[in-house]
Amino acid sequence: MDVCGCDLAQGGFFIKNGDYLCTLDYQRMYGTRCHGCGEFVEGEVVTALGKTYHPNCFACTICK
């Protein structure tokens with residue numbers, strides 16, 4: 001597995017399949033991207049028709 005090798009004690013970590021991953025590597029490998037802007041989403045999200053958005057990126061097609 002290709003990981004950055006950063007110090008997990010400094011920035012927190014996730015455990016996935018027994019591997020310890022920093023936040024950036026976890027997002028890069030398993031994260032969900034916003035269908036609106038393409039950036040990673042975390043925390044509060046909006047899900048519609050199987051797609052995930054940041055709350056600010058979710059807008060009516062006409063209003064965009």
Side-chain angles (χ1 to χ4, degrees):
M1 178 180 327
D2 186 28
V3 295
C4 68
C6 68
D7 183 0
L8 297 179
Q10 297 298 317
F13 60 91
F14 291 86
I15 300 174
K16 178 81 172 183
N17 300 327
D19 294 321
Y20 294 87
L21 302 166
C22 71
T23 301
L24 289 175
D25 281 334
Y26 182 84
Q27 283 185 335
R28 182 175 56 83
M29 295 165 59
Y30 304 108
T32 300
R33 291 189 179 266
C34 174
H35 189 72
C37 71
E39 297 296 320
F40 288 109
V41 293
E42 56 184 310
E44 188 176 340
V45 299
V46 175
T47 303
L49 302 174
K51 296 179 176 128
T52 304
Y53 301 84
H54 294 106
N56 292 338
C57 294
F58 184 68
C60 167
T61 302
I62 296 170
C63 295
K64 286 183 179 180

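Worth saying up front: this structure is predicted, and the values here are computed from it rather than measured. Residue numbers count from 1 along this sequence.
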Please enumerate all residues that pass side-chain contact (heavy atoms from CB on, under 4.5 Å) together with Thr47, with sequence neighbours excluded. Val45, Thr52
side-chain contact (heavy atoms from CB on, under 4.5 Å) partners of Leu49, counting only residues at least two apart: none
My understanding is that only residues two or more places apart in sequence, or in another chain, count here; which of them pass ring pair (Phe, Tyr, Trp, His ring centres under 6.0 Å) with Tyr26? Phe14, Tyr30
Who are the ring pair (Phe, Tyr, Trp, His ring centres under 6.0 Å) partners of His35, not counting sequence neighbours?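 In terms of ring pair (Phe, Tyr, Trp, His ring centres under 6.0 Å), with neighbours along the sequence ignored, His35 is linked to Tyr53.
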Under a 4.0 Å N-O cut-off, is there an ion pair linking Asp19 with Lys16?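 No, no charged N to carboxylate O under 4.0 Å.
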Does atom CZ of Phe40 have more than 12 heavy-atom neighbours, drawn from other residues, nucleotides or ligands, at distances under 6.0 Å?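 Enclosed.
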Glu39 meets the side chain to side chain donor-acceptor pair (under 3.5 Å) criterion, sequence neighbours left out, with none
Interatomic spacing from CD in Glu42 to SG in Cys34 - rounded to 0.5 Å: 12.5 Å
